[in-house]
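What follows is a set of notes on a single structure, which appears directly below.
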Amino acid sequence: MKTWQKLTIGGVVVVAVAGGTRAAGLWGGSGTSSDKTLHFSLPTPLNGLDSATITDEYSMDVVGNAGEGLLRADKNGKPQLALAKSIKSSTDGKTWTITLRNGLKWSDGSKLTAKDVVYAWQRANDQKTASEYAYLYSGIKNADAIQAGKADKSTLGIKANGNTLTVSLEKPMPQFKSLLTFPTFFPQKQSFVEKYGKKYGTTASKTLYNGPYVFKGWNGTNNKFKLVKNKYYWDAKAVKTPEIDLQVIQKAEVAVQMYKTGKLDSALVNTPQLSEANKNNKGYRITPQATTVFLAYNQSGNVKALNNTKIRQALNLVTNRSELNSQVLSGTSTPATSFTPKGLSSVNGTDFATYAKQDYKYNKEKAQQLFQEGLKELGEKSITLEIEADTDRVANAKDVVNYLQGQWSKNLPGLKVTEKFVPFKQRLQDGSNANFQIMLTQWGADYAEPTTFLDLASTGNANNYNHNSNADYDALWNKAKGVDATNDTKRAADEKGLEKIINQQAILNPLYYQAQPELVNPDVTGFYHHAVGVPLDFKLAARK
């Protein structure tokens, strides 16, 4: 996931709440059992409601509950039938046949048909729409050509015949089912979208819904609004909560106080200090996320020292991930043992990150040896390296960079480490232009399959901020996405091999798997965090 899009965002969905005893007067209104309204907050204002163009997590929270795709992730993160009543793949994995449920409706009572899916997919790939997530369609017939302006959107590999869709792929896509839960693949009603044109999705009333809830009260700028149960939703009987009140609260300390006084059912505690201060409070929990925070090493040739494998290996070995987690992050995250984070996908019942685990242990002596060998190969006695980061998006960036600067400088004689903090947009530009040395960044899963991470180290990938090119890596990458794509066991073995190359060649430096400490009312059940796709799922949420 592009680093500006999610702060919490594969496959595992964590149940955010469990049982408990409700305290009278807390968590909503009168505190009586008849009060079923839930109260949640968002840390940033909404940016829009157009499922084709939204990119930020909190707009997706709304769109993902007021809308729905052909499939929907269940509480375990597995794609399940939603708008679709059946989905089948051809033997070669390149043709999918999807049949919609009968009687589907939009929130205005009009029919929802297979043509609404075709229109939405074509619109998302149209250059005029400027969908930042259109790249997820890559692999569907003609998607890349359409996005490049070389083919008409009508040639996209999706056709409707009555209530049935036929999707044609250029190559097998193991992530295809996972993608169908993602908002960019949600249907849209052509007449409604065209009625409002550029204003579509800019307010609650200029948006049409097909999910468990209808969104109301947002005029495009205000910070209080609500989700109301959608009577036309195909599975309305499963929706227990009639209303979810939402408000934007940008200061975490304010949200925590409102939680403690019963005005909110949940609050983020998104700094180590806030987490430490609240870890003994009622409802405190840490929710894992499919996000890895890592260091990108510029291997474009612009930084001579970082094109030396031994220098990069030394930096990886001298990084004490366990100490970083315990001393800097207050134990709220998990030290990385692979680039692909835990909770994304599994291999024969084993979490992929466990299956593909690499040796990222701290080894100062070996690091010092390799560093001196690297300096000798460079013809240098000392080098200076700069770590660049932003404080807009990567949580605790300054603390993490300060720690790395101190640890590396102390334990690698001949190394001087400097720091550079820039605005988020500049960091993105610097990454694309290879205008940096070492960059602290993060990546969250787009879909529940390791390739969403491993693609970042392949030659020419637009998000490959390492700017590395490794022939062995590319060959194995092409094998995983080619001949082994439809064989889960073989593909997983290829992906494990890719993790091994990343580790042995120190292509990048995985630091930790991000997690989100939060406070959640124990009297609310069925409220889930999804690591991929829609971040928060309120469909089954209810107050006891």
Inset, instruction - Could you please spell out the steps behind the side-chain contact (heavy atoms from CB on, under 4.5 Å) verdict for E449 and E495? - result: CA-CA 10 Å; E449 213 282 324; E495 292 164 344; 2.6 Å; yes
Do the side-chain N and O atoms of [X] and [Y] include a donor-acceptor pair separated by under 3.5 angstrom?
X	Y	answer
D446	Y135	yes
S333	N325	no
N125	Q147	yes
H529	Q516	no
Y360	N316	no
K189	S110	yes
Y119	T113	no

Just by modelled atom types, is the [Y] backbone N or O under 3.5 Å from a matching donor or acceptor in the [X] side chain?
X	Y	answer
H467	N433	no
R101	A82	yes
Q437	V303	no
D455	T451	no
T319	L315	yes
Q313	Q504	yes
S131	A52	yes
D390	R427	no
N230	A66	no
R321	T337	no

Nearest non-hydrogen partners of [X] and [Y], listed with the distance:
X	Y	result
S322	P335	CA-CG, 4.0 Å
K206	K199	CD-O, 3.5 Å
P212	V239	CB-CG2, 3.8 Å
A515	P288	CB-CA, 4.0 Å
Q358	K500	OE1-CA, 3.4 Å
Q299	N468	OE1-CB, 3.4 Å

Legend entry - Chi angles and distances behind the side-chain contact (heavy atoms from CB on, under 4.5 Å) call for Y213, T241: CA-CA 9 Å; Y213 300 93; T241 299; 3.9 Å; yes
Inset, instruction - Report the residues that fulfil side-chain hydrogen bond (donor to acceptor under 3.5 Å, both in side chains) with Q188, sequence neighbours left out, ordered by chain and then residue number. - result: D50, S51, R123
Inset, instruction - Output all residues satisfying side-chain hydrogen bond (donor to acceptor under 3.5 Å, both in side chains) with D92, sequence neighbours left out; order by chain, then residue number. - result: S90
Legend entry - Matching residue for F215 among L46, T207, V228 - test: side chain to side chain contact (heavy atoms under 4.5 Å, CB included): L46
Out of curiosity, [X] [atom1] to [Y] [atom2], how far, rounded to the nearest 0.5 Å?
X	Y	atom1	atom2	answer
N210	L83	CG	CG	5.5 Å
T184	L136	OG1	CG	6.0 Å
N466	L456	CG	CG	8.0 Å
E57	Q289	CD	CD	7.5 Å
L70	I98	CG	CD1	5.0 Å
N463	S432	CG	OG	7.5 Å

Legend entry - Any T459 side-chain heavy atom under 4.5 Å of N464 side chain: no
Legend entry - Min side-chain heavy-atom separation Y528-D74 under 4.5 Å: no
Identify, with sequence neighbours excluded, every residue that meets ring pair (Phe, Tyr, Trp, His ring centres under 6.0 Å) alongside [X].
X	result
Y137	W121, F185
F538	F40, F527
W477	none

Legend entry - K229 NZ: over 12 foreign heavy atoms closer than 6.0 Å: yes
Legend entry - Atom CD of Q429 with >12 non-hydrogen neighbours under 6.0 angstrom: no
Inset, instruction - Determine, step by step, whether E170 and K141 satisfy the side-chain contact (heavy atoms from CB on, under 4.5 Å) criterion, reporting the C-alpha distance in whole Å, the side-chain angles of both residues, the deciding distance to 0.1 Å, and the verdict. - result: CA-CA 5 Å; E170 295 174 340; K141 184 179 178 180; 4.2 Å; yes
Inset, instruction - Sorted by first residue and then second, give each side chain to side chain donor-acceptor pair (under 3.5 Å) pair with at least one member in residues 59-68; sequence neighbours left out. - result: D56-S59, E68-R72, E68-Y233, E68-W234
Legend entry - Pairs where residues 80-115 contributes a residue and the test ring pair (Phe, Tyr, Trp, His ring centres under 6.0 Å) is met, not counting sequence neighbours: W96-F176
Inset, instruction - Any pair with a residue in residues 141-165 that passes ring pair (Phe, Tyr, Trp, His ring centres under 6.0 Å), sequence neighbours left out, goes on the list, sorted by first then second residue, please. - result: none
Legend entry - side-chain hydrogen bond (donor to acceptor under 3.5 Å, both in side chains) between Y513 and S338, intermediate numbers included: CA-CA 9 Å; Y513 309 139; S338 58; 2.8 Å; yes
Who pairs with [X] by salt bridge (Lys or Arg N to Asp or Glu O under 4.0 Å), at least two apart in sequence or on another chain?
X	answer
K310	E373, E377
D116	none
D430	none
K479	D484, D494

Legend entry - F294 and its ring-ring contact (aromatic ring centres under 6.0 Å, His included) partner, picked from F453, W443, F339: F339
Legend entry - K153 bridged to D126 by N-O distance under 4.0 Å: yes
Legend entry - Full working for ring pair (Phe, Tyr, Trp, His ring centres under 6.0 Å) between Y447 and F182: CA-CA 8 Å; Y447 49 83; F182 201 84; 9.2 Å; no
